[in-house]
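Working notes for the structure below.
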Amino acid sequence: MSKKELCILLSKLSVFADPSMRLEQYPTDSEIAGDCLWFADLQGDIEGKTIADLGSGTGILGLGALVLGAKKAFLVDIDTKSMELAMKNLAFVEEQTEKHFNAVFSAGDVIVFDEKADVVIMNPPFGTKNENIDTQFLLKAMTIAPVIYSFHKASTKDYIDKLVADYGFKTTHYKEYDFPLKQTMEHHKKKIEKIKVGLWRISKN
Ligand code: SAH
């Protein structure tokens with residue numbers, strides 16, 4: 001599968017019908033998700049690995065990792081409607097690729113998730129509505145896996161780098177994207193608003 005084919009497949013996934021503002025439900029753009037997953041695969045972090053997608057929403061990151069050859073993916077989300085959406089998307093990618101994937105769905109708060117994985121790949125809430133939730137996701141991720149890919153607001157760069165350093169991890173790669181927030185939420189005036197978002201690859205020292 002080429003990167004372009006991956007992005008096209010991901011662009012066909014179903015998205016939140018009625019996104020919750022409180023849970024900061026906005027799907028990762030398919031081009032950005034594809035770029036992140038392709039990059040992770042080039043680092044040797046996908047094929048044959050067990051992945052945990054925290055705050056999985058539509059499942060785009062965890063399911064995309066399975067499509068690229070991950071052995072297993074945990075999809076964790078507090079919202080049962082999102083879990084159902086991700087299950088529907090799993091059926092869709094299995095049908096499209098004619099493969100069976102090992103996806104494990106875990107409905108509940110990420111704080112109580114207690115499995116281990118090789119790699120966490122996540123686009124968690126940014127903490128706009130629920131202050132510090134981005135930090136909570138990251139702290140949790142560091143207990144789950146030695147390698148983490150995580151999206152956060154680019155403005156938090158110094159804070160994140162210092163936080164992970166305090167816990168014995170380091171930022172090995174960092175890239176930025178213009179993130180389209182497509183879903184119209186009350187506090188977004190324009191239909192498509194863009195924000196600068198960073199993708200961190202963090203690994204244990
Ligand atoms: N990862 C998806 C969705 C991002 S939106 C994507 O990249 O498209 C953030 C997701 O985190 C939402 O699906 C929301 O329901 C979930 N979420 C918010 N708070 C959570 C919590 N405390 N525990 C688990 N999931 C949570």
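Order of listing sets the numbers, starting from 1, for every ligand and every atom in it. Bear in mind that the values here come from a model prediction, so they are computed numbers and not experimental data.
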shortest atom 23 (N) of ligand 1-to-protein heavy-atom contact is with V110 N, 3.0 Å
Quick one: look up the protein heavy atom nearest atom 2 (C) of ligand 1 and list residue, atom name and how far away it is. S56 O, 3.2 Å
Indicate yes or no: at least one non-hydrogen side-chain atom of E94 is less than 4.5 angstrom from one of H100. yes
Looking at F179, does the NZ or CZ of K194 lie under 6.0 angstrom from its six-membered ring centre and within 45 degrees of the ring axis? no
Would you mind checking which non-hydrogen protein atom is closest to atom 9 (C) of ligand 1, with the distance to 0.1 Å? E24 O, 3.6 Å
Kindly determine whether R201 and D45 satisfy salt bridge (charged side-chain N to carboxylate O under 4.0 Å, His left out), including the steps that lead there. CA-CA 10 Å; R201 180 185 181 279; D45 292 328; 2.9 Å; yes
Say whether, by atom type as modelled, one donor and one acceptor occur between the side chain of E24 and the main chain of N130 under 3.5 angstrom. yes
Centroid separation W200 to H173 less than 6.0 Å: no
Among all protein heavy atoms, pick the one closest to atom 15 (O) of ligand 1 and tell me residue, atom and distance. D77 OD1, 2.7 Å
For N123, take its heavy atoms, then give the atoms of ligand 1 lying under 4.0 Å from any of them. 1 (N), 4 (C), 7 (O), 9 (C)
Please list the nearest protein heavy atom to atom 22 (N) of ligand 1 with its residue and the distance rounded to 0.1 Å. D109 OD1, 3.3 Å
Mark up the atoms of ligand 1 that fall under 4.0 Å of a heavy atom belonging to I60, in ascending order. 6 (C), 7 (O), 8 (O)
Do the side chain of Q43 and the main chain of A40 share a donor and acceptor less than 3.5 angstrom apart? no
May I ask you to list the atoms of ligand 1 that are less than 4.0 angstrom from any heavy atom of Q25? 5 (S), 12 (C), 13 (O), 14 (C), 15 (O)
F126 and ring pair (Phe, Tyr, Trp, His ring centres under 6.0 Å): which partner among F137, F151, Y26? Y26
So which heavy atom in the protein is nearest atom 1 (N) of ligand 1, and how far is it from that ligand atom? G55 O, 2.7 Å
Among protein heavy atoms, which sits nearest to atom 25 (N) of ligand 1, and what does the distance come to when rounded to 0.1 Å? I78 N, 3.2 Å
Determine, using heavy atoms of G59 and all atoms of ligand 1, whether some pair is separated by less than 4.0 Å. no
Please verify whether a non-hydrogen atom of F137 lies at under 4.0 Å from ligand 1. yes
Considering residues, nucleotides and ligands other than E31, do more than 12 of their heavy atoms fall under 6.0 Å from its CD? no
Atom 6 (C) of ligand 1 has as its nearest protein heavy atom T28 OG1, 3.3 Å
Counting only nitrogen or oxygen atoms and a 3.5 angstrom limit, does V76 reach ligand 1? no
Which atoms of ligand 1 sit under 4.0 Å from any heavy atom of D79? 15 (O)
Side-chain donor or acceptor of K140 paired with backbone N/O of F113 under 3.5 Å: yes
4.0 Å heavy-atom contact, F16 with ligand 1: yes
Is the Lys NZ or Arg CZ of K81 less than 6.0 Å from the centre of F16's six-membered ring, within 45° of the axis? no
